[in-house]
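Both backbone and side-chain heavy atoms feed into the values below; hydrogens, waters and symmetry mates do not. Chain naming here is simple, since letters A, B, ... match the order of the sequence lines and numbering starts at 1 in each.
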Number of protein chains: 2
Amino acid sequence: MITIRDVAREVGVSITTVSRALTDPEKVAPATRERIVAAADALGYTPNRAASGLRAGRTNTIGLLVPDLSNPYFAAVAMGIAERARVHKVAVFVTDSQEDLRAEVDLLRGLVQQTDGVVLCSPRAVHEDQAVIGTKPLVVVNHELPGAQSVAVNDLAGVASTVDHLYSLGHRRIAYVGGPATSWSDARRRSALAHARTRLPDLEVVELGAHAPTVDGGNIAAGVVVASGATAVITFNDLVAIGLVRRVHRLGLRVPHDLSVVGFDDTYLADLVTPALTSVHGDLSEIGRRATDLLLAELRPPRHAPASTTREPVLLPVQLVVRESTAPLLSRTSGSTGARPPELSPPLAHRDPP
Amino acid sequence: MITIRDVAREVGVSITTVSRALTDPEKVAPATRERIVAAADALGYTPNRAASGLRAGRTNTIGLLVPDLSNPYFAAVAMGIAERARVHKVAVFVTDSQEDLRAEVDLLRGLVQQTDGVVLCSPRAVHEDQAVIGTKPLVVVNHELPGAQSVAVNDLAGVASTVDHLYSLGHRRIAYVGGPATSWSDARRRSALAHARTRLPDLEVVELGAHAPTVDGGNIAAGVVVASGATAVITFNDLVAIGLVRRVHRLGLRVPHDLSVVGFDDTYLADLVTPALTSVHGDLSEIGRRATDLLLAELRPPRHAPASTTREPVLLPVQLVVRESTAPLLSRTSGSTGARPPELSPPLAHRDPP
DNA sequence: ATGAAAGCGCTAACAA
DNA sequence: TTGTTAGCGCTTTCAT
């Protein structure tokens, strides 16, 4: 391994000067600096992250905790984080709670201890242990936590434009298939739906709640969706939408003919399935990039008052992408939806048991 | 931050004893050990990875370089790696080359410098700079590199059983849509196809080569596949298969009715699309776990002769999962495939320009 | 503008 | 069995 000492010897200066030339170039004579940079380059010297951090009491590592890395949503966020981390020369300790609340709490504790700060993505568990979350900077994605910064997509606007889209297609009875009970996004979307209801008096919203944010969750939701008598459904994410569409097809209904389905997140899956999903698009990697930048901003200049006040959540814009899974209510041919039970004017359930 | 010194003071021993009690419990009196462990627990002490590594000349970080984290294949591998890394208490520096060969080379260099060893996943570039790959332990997934250990799924067997499956369905003219020109898996699959050809003399194999390992690559391949006159096609991975199916549908052919399609890797996408893909299944997370274990084995006990000899690649078993995208040739109704050009008895191309 | 020296938290000789 | 001592590679006072 090639160290700062090798460079110093090569150039004939002290290691202090080398360190300065590389981290605080202003403080060293231009001529010296150039020779140092040249030598460092020639020798292929890279500062040892651990050692430099040790002195400064940092690890130069940030943590990333996601519920499920195989969910394309989180993969995209992780890519954004990796990209920014690389630029800032910090390592990323990536971990995956497998959607397990208990594991999430434990992993976060471990992560906080081992890193300078953590990006906590779409937490499902309740994190209130101040000994954990209070000690290090934390950026939360799709959630709010006291003392932590927050990055999210603007679900509110996403829901609003989705409702408008469906409404303009003639749908008046819309179901919502919710995600994990503790999901912040889920709560926000429900309140956006409530707001839409006041805006559009003749709109009925059937809230079906607490499904796993997976294809299987969508499968399971299919029954209640069909039973709800809704002509359109908004789902927690694309995976749920995909599972829902599959099962709905098996039940003998066609999407979008008999039921319009809208996904959320617009992962690349939305465009792979048949019919292609109408979905609420957000820049997923940008979430990761913003979260990382926010975290590093809190880490890097320790030169100002500890900003412990929770700032406003950073809200990224969204855009509804209309594809094949939504269609005008008009296109429905009477008689083709015989599979739907008739006795369902009042909502079957406002909230399912989780 | 709570350090080893705090624990030592609490218990009334030297920091050395604390260190020993935690890393080499045999070497400390049971009574002392217990008090130390208890105190460490009570104080919530966790050794500083960077500091301990610094002393030992290690970083306690391993690198992971994948072409594309949003490819579910690599996400699954990454999950396996994260899981094992957590157990072994090493951080994972995750990076993503975005399928860019140039970036891959640069990133690997950076990763090697910053970590104790790297898992290089499905490299597309040629890595021959001994100053990079010679310095640290390296485990290569889906590739072989001198001096590096190798983990891969048994493509050979996968191709063989795929061919057998298609052959038994009556297909005699099979196309292969290749992946990146420099992909090791691709080369292995081609040789497995060659072998199948000698085994089954009346089998024709049309090799269509060098497509991007993405949905778009599949889209692009559709034209030549149809033109090839093959009745079945094996693709480089599920993404390619998915893109292929979509475009083939647009060209007016039906899968599997007019063309049987087999994917590779059996990512969860295979079961999401319509028709569900027949695909070669391997345990993707297990690849990551094995790779990590191999890497750490080389790192951890530095107590034996540097094992620089390339060991046999670890080959993980595969299994063909038959779904809806493959069907007997018999099921084809004559006349329904009018879109296929007739003049194509000799293969259109054995190898496309990349 | 540069250097000497101290020390971050930890482990590994070497002593006792 | 336990403690003392000496660094790992680097940054950061404090001198010069």
In whole angstrom, give the distance that lies between atom [atom1] of [X] and atom [atom2] of [N].
{"X": "B/D24", "N": "C/dA13", "atom1": "CG", "atom2": "P", "result": "12 Å"}
{"X": "A/R58", "N": "D/dG9", "atom1": "CZ", "atom2": "C1'", "result": "14 Å"}
{"X": "B/N48", "N": "C/dC8", "atom1": "CG", "atom2": "C1'", "result": "9 Å"}
{"X": "A/I15", "N": "C/dA4", "atom1": "CD1", "atom2": "P", "result": "9 Å"}
{"X": "B/I2", "N": "C/dC8", "atom1": "CD1", "atom2": "P", "result": "15 Å"}
{"X": "A/K27", "N": "D/dT11", "atom1": "NZ", "atom2": "P", "result": "15 Å"}
{"X": "B/N60", "N": "C/dC10", "atom1": "CG", "atom2": "C1'", "result": "11 Å"}
{"X": "B/M1", "N": "C/dG7", "atom1": "CE", "atom2": "P", "result": "19 Å"}

- Task: Tell me, yes or no, whether the heavy-atom count around B/R84 atom CZ, taken from other residues, nucleotides or ligands under 6.0 Å, exceeds 12.
- Result: yes
From the options [options], select the nucleotide whose nearest atom is closest to the side chain of [X].
{"X": "B/L54", "options": "D/dT12, D/dC8, C/dC10", "answer": "D/dC8"}
{"X": "A/A51", "options": "C/dC10, D/dT2, D/dG9", "answer": "D/dG9"}
{"X": "A/T16", "options": "D/dT2, C/dG9, C/dG3", "answer": "C/dG3"}
{"X": "A/I4", "options": "C/dG3, D/dC10, C/dG9", "answer": "D/dC10"}
{"X": "B/S19", "options": "D/dT13, C/dT11, C/dA13", "answer": "C/dT11"}
{"X": "A/A29", "options": "D/dC10, C/dG9, C/dA1", "answer": "C/dA1"}

- C/dG9 base / A/R55 side chain donor-acceptor hit below 3.5 Å: no
- Give a yes or no on whether a donor-acceptor pair under 3.5 Å exists between the nucleobase atoms of C/dG9, that is its base, and the side chain of B/R49. no
Does the side chain of [X] get closer than 4.0 angstrom to OP1 or OP2 of [N] through an N or O atom?
{"X": "A/S14", "N": "C/dA4", "value": "no"}
{"X": "B/T32", "N": "D/dT2", "value": "yes"}
{"X": "A/S52", "N": "D/dG9", "value": "no"}

- Message: Just so I know, are the side chains of B/E99 and B/E104 near enough to count as touching, which here means a heavy-atom distance under 4.5 Å?
- Response: no
- Query: Is there side-chain contact between A/I287 and A/V153, with heavy atoms separated by less than 4.5 Å?
  - Reply: yes
- If only atom types and distance count, is the side chain of A/K136 paired as donor or acceptor with the main-chain N or O of A/V112 below 3.5 Å? yes
- Can B/E144 and B/S150 be counted as having a side-chain donor-acceptor contact under 3.5 angstrom? no
- Note on the structure: Residue pair A/R20/A/T3 against DNA chain D: nearer the 5' end by closest nucleotide is A/T3
